[in-house]
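Please read all numbers here as calculations on a predicted model, not as lab measurements. Quick note: residue numbers are just sequence positions, from 1.
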Amino acid sequence: MTAKKKPKVYITRKLPDAVETRMRELFDAELNIDDAPRSVPELIAAVKTTDVLVPTVTDRIDAALIEQAGPQMKLIASFSNGTDHIDVEAAARKGITVTNTPNVLTEDTADMTMALILAVPRRLGEGARVLTDKPGEWAGWSPTWMLGRRIHGKRIGIVGMGRIGTAVARRAKAFGLSIHYHNRKRVNPAVEDELEATYWESLDQMLARVDIVSINCPSTPATFHLISARRLALLQPTAYLVNTARGDVVDEAALIKCLREGRIAGAGLDVFENEPAVNPKLVKLANEGKVVLLPHMSSATIEGRIDMGDKVIINIRTFIDGHRPPNRVLPGR
């Protein structure tokens, strides 16, 4: 009996060893050992010959690239929760199925969101730098030095009350924050009751009334610069903004202007509009203690990455076996 030929799988970035080992066992997998981002010519060459492409959020899988795919390539199994880096409509026109890895990074992202919600008002970044940048110069405790803001009793406004937004809300409630949220539709009444959450149909009205804004919505054409210059102007001067979703949800230039002029109290950012480039003006603001910056690490846990890899493998195996993969992404979703 002839052994069934393994599908050819092209993986664009370095994945955890456990995931890569399993990929090699199950598929004819081409790994990216040095983790250097693949160039456009390399991606074009890959889609012409591979059966399955496994990209990440750093790969731009646009219509032009998809059009170059050979007839054998029928699946893009993305190692990501979001799919804004893939032209899903173009893939559908080409007869290519797209999958993602949802429901894996919820708790990790919510943890990091809560960390930033604490870090910005309590000036954790500034305090840490006092001890590392100028060792020996700390004069000791003082009743009026390095004063931040208490978060207990404040109002948090969550923009996007999906799985991550809801997980953030649960953590925030445990810290004594009052939960407010804006979403395309209201959440389940039982969840709303559990969180004692206030729903705002109008994003503008919510932004004007909360002390902390947490961005937890996906990146879509509808959410591009959702937090615009006009909406940033609605925030109270004592308000903080935290973004662990996608950089382009916030008008970064407008946010920088607000921070420089002191029209909001501070911001915590794990994502940026032009990643991996970070605006030098943001770096300057971070050095001045007005913003806390992280290098897109809210989902970066060993457990989370392995869980993502497991989902990619399940999607590929299910598809190769002739069934609909569990995490198929449909055009327009």
Check: Any Lys/Arg nitrogen of Lys5 or Asp28 sitting under 4.0 Å from an Asp/Glu carboxylate oxygen of the other?
Finding: no

Checklist line | Residue pair Asp248 / Ser219, side-chain donor-acceptor N/O under 3.5 Å | finding: yes

Notebook entry, point to check: Atom CG of Leu226 and atom OG1 of Thr220: how far apart are they, to the nearest 0.5 Å?
Noted result: 8.5 Å

Check: Between Glu288 and Lys284, is the closest basic N to carboxylate O distance under 4.0 Å?
Finding: yes

Check: Are the charged groups of Asp62 and Arg60 less than 4.0 angstrom apart, N to O?
Finding: yes

Check: Going by an N to O cut-off under 4.0 Å, is there a salt bridge joining Glu25 and Arg22?
Finding: yes

Notebook entry, point to check: Are Glu192 and Arg186 close enough for a salt bridge, meaning some N to O gap below 4.0 Å?
Noted result: yes

Check: When you check the side-chain N and O atoms of Arg13 and Thr58, is any donor under 3.5 Å from an acceptor?
Finding: yes

Notebook entry, point to check: If you measure from the Lys or Arg side-chain nitrogens to the Asp or Glu carboxylate oxygens, is any gap between Glu20 and Arg24 under 4.0 Å?
Noted result: no

Margin query: Could you check whether atom CZ of Arg263 has more than 12 heavy atoms from other residues, nucleotides or ligands sitting under 6.0 Å from it?
Written below: yes

Notebook entry, point to check: What side-chain hydrogen bond (donor to acceptor under 3.5 Å, both in side chains) pairs are there with at least one residue in residues 309-320, not counting sequence neighbours?
Noted result: Asn315-Asn327

Notebook entry, point to check: Can any side-chain N or O of Asn32 pair as donor or acceptor with the backbone N or O of Ala36 at less than 3.5 Å?
Noted result: yes

Item checked: Check against salt bridge (Lys or Arg N to Asp or Glu O under 4.0 Å), Lys173 and Glu194 -> CA-CA 10 Å; Lys173 186 174 186 293; Glu194 171 203 346; over 6 Å; no

Next item on the list: Report the hydrophobic cluster partners of Trp138, with the cluster defined as I, L, V, M, F, W, Y residues connected by side-chain heavy atoms closer than 4.5 angstrom, directly or transitively.
Entry: Val130, Leu131, Trp145, Met146

Notebook entry, point to check: When you look at CZ of Arg123, are more than 12 heavy atoms from neighbouring residues, nucleotides or ligands closer to it than 6.0 Å?
Noted result: yes

Check: Can you list every pair that meets salt bridge (Lys or Arg N to Asp or Glu O under 4.0 Å) and has a residue in residues 221-243, with sequence neighbours left out?
Finding: Asp204-Arg230, Asp204-Arg231

Next item on the list: For the residue pair Trp200 and His180, categorise the inter-ring angle as parallel (less than 30°), tilted (30 to 60°) or perpendicular (more than 60°).
Entry: parallel

Note to self: Under a 3.5 Å threshold, yes or no: a donor from one side chain and an acceptor from the other, between Arg38 and Tyr10?
What the structure shows: yes

Check: Going by atom types alone, do His182 and Gln205 pair a side-chain donor with an acceptor below 3.5 Å?
Finding: no

Notebook entry, point to check: Cluster question for you: counting only ILVMFWY and a side-chain heavy-atom cut-off of under 4.5 Å, with indirect links fine, are Val98 and Val57 together?
Noted result: no

Next item on the list: Go through the side-chain N and O atoms of Arg324 and Thr97 and say whether any donor and acceptor fall under 3.5 Å apart.
Entry: no

Check: Once you round to the nearest 0.5 Å, how far does CZ of Phe272 lie from CG of Asn279?
Finding: 10.0 Å

Next item on the list: Mind checking the CG-OG1 spacing from Asn216 to Thr166? Nearest 0.5 Å is all I need.
Entry: 9.0 Å

Item checked: Spacing of Met206 atom CE and Leu234 atom CG [to the nearest 0.5 Å] -> 11.0 Å

Next item on the list: State whether the side chain of Gln72 and the backbone N or O of Lys48 hold a donor-acceptor pair below 3.5 Å, judged by distance alone.
Entry: yes

Check: Are Glu107 and Arg171 within salt-bridge range, i.e. N to O under 4.0 Å?
Finding: yes

Item checked: Flag if over 12 foreign heavy atoms under 6.0 Å of CG, Leu147 -> yes

Next item on the list: For Asp270 and Thr244, test the side chains for any donor-to-acceptor distance below 3.5 angstrom and give the result as yes or no.
Entry: no

Check: Is it true that Lys14 and Asp17 make a salt bridge, defined as a side-chain N closer than 4.0 Å to a carboxylate O?
Finding: yes

Margin query: Once rounded to the nearest 0.5 Å, what's the spacing between atom CG of Leu105 and atom CG of Asp111?
Written below: 11.5 Å

Next item on the list: Given side chain to side chain donor-acceptor pair (under 3.5 Å), test Arg155 with Thr198 step by step and report yes or no.
Entry: CA-CA 10 Å; Arg155 297 184 179 93; Thr198 301; over 6 Å; no

Next item on the list: First locate atom OG1 of Thr12, then atom CG of Leu31, and finally report the distance between them rounded to the nearest 0.5 Å.
Entry: 11.5 Å

